[in-house]
Amino acid sequence: MQVAAIQMVSGTRLDDNLQAAHRLLEKAAHEGAELAVLPEYFCIMGHRDTDKLPLAETPAGGPIQDFLSASARSLGLWIVGGTIPMQTSAPGKVRNTTLVFNPAGAQVARYDKIHLFCFDNGREQYDESRVIEAGAPAVHFDLPARDGRCWRVGLSVCYDLRFPELYRAHARAGADLLLVPSAFTYTTGRAHWELLLRARAVENLAYVLAPAQGGIHENGRHTWGHSMLVDPWGTVIASIDQGPGVVAATVDAARIDSVRAQLPALQHRVL
């Protein structure tokens, strides 16, 4: 199955970001992708954490959900919409939510980011919990590919990458493709991004597809980028550095079967 990780450098205006996302989704479809995954915060990287609050949508719908549904339908793609802000009952907070749309434009899965980023090295400070409410539980969905293979796909977001138990839960459920839409900072990304992605692939003998924000944003933030696809042996199949673009590559069921047959780690029982 051909898949695509969409890398963006999102700005502060929703309409501009949706237009940029659509151009990249069109490129992915033109290159033969069946599944395209947008990065975390694809719809807005505001000047302040609270800038996402007015954009929060409800399960009943909204402009961002309408965009994702219409794009999936018009392009004939499975689209995983990075993350969008979704309303919650907690005052002044939203959920950081991944929504999945099938090629008919129907929403088939929702995952609310569980682990909220917190980082302070004396120069950079981030605390997502100020405006985001943590979600639960782990979520996966089934994707019937054009060749008849049904892929089980596990959902995660950015900071989740540091918590291997989430990915092991996906593996126990039979996931063979793990998605990690992200907005890693340049500092943490340079140190840990590829290392963590390859570890999650090797631990779970699964493909890992990780689209990211990558560049210097209008709000001054610098994200790491390096969107990539990693195979079950931990090999980076395709990647890009910084700037907007599409990582188009193939996930091969035979590769998963081969690696799992050689190294049946998922069958190991802990005594």
Side-chain angles (χ1 to χ4, degrees), residues 1-5 34-37 39-40 78 80-83 96-100 102 108-117 134-145 147-182 184 192-212 226-239 247 249-271:
M1 177 174 65
Q2 189 81 356
V3 298
E34 295 184 51
L35 166 68
V37 187
E40 184 181 29
W78 286 82
V80 177
T83 63
N96 195 19
T97 298
T98 297
L99 299 175
V100 181
N102 68 18
V108 298
R110 169 180 172 169
Y111 167 68
D112 296 335
K113 184 179 182 181
I114 294 174
H115 302 99
L116 304 182
F117 183 49
V139 175
H140 60 264
F141 69 98
D142 291 334
L143 191 165
D147 65 2
R149 164 84 180 206
C150 187
W151 291 80
R152 179 149 290 181
V153 183
L155 298 174
S156 67
V157 175
C158 201
Y159 195 52
D160 284 335
L161 190 56
R162 296 184 181 273
F163 300 87
E165 62 272 16
L166 173 60
Y167 299 90
R168 187 45 57 98
H170 287 316
R172 286 196 296 267
D176 35 30
L177 174 60
L178 305 170
L179 305 183
V180 196
S182 298
F184 255 60
H192 301 142
W193 172 246
E194 182 177 328
L195 171 69
L196 288 167
L197 290 172
R198 295 178 68 188
R200 299 296 87 86
V202 170
E203 289 169 348
N204 299 293
L205 304 178
Y207 280 98
V208 175
L209 183 65
H226 293 79
S227 299
M228 65 179 65
L229 175 69
V230 183
D231 83 353
W233 195 249
T235 302
V236 177
I237 300 300
S239 67
V247 177
T250 300
V251 293
D252 183 0
R255 176 64 170 158
I256 295 175
D257 295 342
S258 173
V259 170
R260 291 180 178 177
Q262 295 174 60
L263 185 67
L266 296 180
Q267 300 172 27
H268 183 73
R269 294 185 178 183
V270 178
L271 300 179

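Proximity of a side-chain donor or acceptor of Arg198 to a complementary backbone N or O of Gly234 within less than 3.5 Å is detected. Remark: the backbone N or O of Leu143 is not paired with any side-chain donor or acceptor of Trp78 at under 3.5 angstrom. No donor-acceptor pair closer than 3.5 Å links the side chain of Arg149 to the backbone N or O of Pro144. Side chain of Arg152 to main chain of Ala173: a donor-acceptor pair is present (N/O by atom type, distance under 3.5 Å, no hydrogens or angles). For the pair Arg260 (side chain) and Leu205 (backbone), a donor-acceptor distance under 3.5 Å is present.
Atom CG of Asp176 is separated from atom SG of Cys150 by 8.5 Å, given to the nearest 0.5 angstrom. Met1 CE to Glu34 CD: the interatomic distance, rounded to the nearest 0.5 Å, is 6.0 Å. Between the OG1 atom of Thr235 and the CG atom of Leu229 there is a distance of 10.5 Å, given to the nearest 0.5 Å. Ser227 contributes atom OG, which lies 12.0 Å from atom CZ of Phe184 (distance to the nearest 0.5 angstrom). Here the CG atom belonging to Asp252 is positioned 8.5 Å from the CG atom belonging to Asp257, to the nearest 0.5 angstrom. Separating the CG atom in Asp231 from the CD1 atom in Ile237 is a distance of 4.0 Å, to the nearest 0.5 Å.
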Would you sort out whether Val80 and Leu35 count as a side chain to side chain contact (heavy atoms under 4.5 Å, CB included), showing the intermediate values? CA-CA 8 Å; Val80 177; Leu35 166 68; 3.9 Å; yes
Carefully, step by step, assess Leu197 and Val208 under the rule side chain to side chain contact (heavy atoms under 4.5 Å, CB included). CA-CA 7 Å; Leu197 290 172; Val208 175; 3.7 Å; yes
Which is it for Arg200 and Leu161 under the side chain to side chain contact (heavy atoms under 4.5 Å, CB included) test, yes or no, and what are the steps along the way? CA-CA 8 Å; Arg200 299 296 87 86; Leu161 190 56; 3.5 Å; yes
Under the side chain to side chain contact (heavy atoms under 4.5 Å, CB included) rule, what do Cys158 and Glu40 come out as? Steps first, then yes or no, please. CA-CA 7 Å; Cys158 201; Glu40 184 181 29; 3.1 Å; yes
Determine, stepwise, if the pair Glu165 / Arg168 fulfils salt bridge (Lys or Arg N to Asp or Glu O under 4.0 Å). CA-CA 5 Å; Glu165 62 272 16; Arg168 187 45 57 98; over 6 Å; no
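With no hydrogens or angles considered, a side-chain donor-acceptor pair links Gln2 and Thr250 at under 3.5 Å. For the residue pair Tyr111 / Asp160, a side-chain donor-acceptor distance below 3.5 Å is found, with atom types taken as modelled.
Side-chain contact between Val236 and Glu194 is present, with heavy atoms from C-beta onward closer than 4.5 Å. Residues Thr83 and Thr97 form no side-chain contact, since every pair of their non-hydrogen atoms from C-beta on lies 4.5 Å or further apart. At a threshold of 4.5 Å between non-hydrogen side-chain atoms, the residues Trp151 and Val251 count as touching.
Smallest separation of non-hydrogen atoms from Ser156 and Val180: OG-CG2, 3.6 Å. Taking all atoms of both residues into account, the shortest heavy-atom contact from Gly154 to Ala175 is N-CB, 4.1 Å. Leu209 and Ala4 get closest at one heavy-atom pair: CD2-O, 4.0 Å. Considering all non-hydrogen atoms of both residues, Ala109 and Leu155 come closest at CB-CD1, 4.4 Å. Closest heavy-atom contact between Ala206 and Leu177: CB-N, 4.4 Å. Shortest non-hydrogen contact noted between Ala134 and Leu116 is N-CD1, 3.8 Å.
Of the candidates Val3, Ile256, Leu178, Leu179, Ile256 is the only one forming a side chain to side chain contact (heavy atoms under 4.5 Å, CB included) with Tyr207.
Phe163 and His115 have parallel rings, their planes meeting at less than 30° on a 0 to 90° scale where 60° marks the start of perpendicular. Classification of the His140-His170 ring pair by plane angle, with boundaries at 30° and 60°, yields perpendicular.
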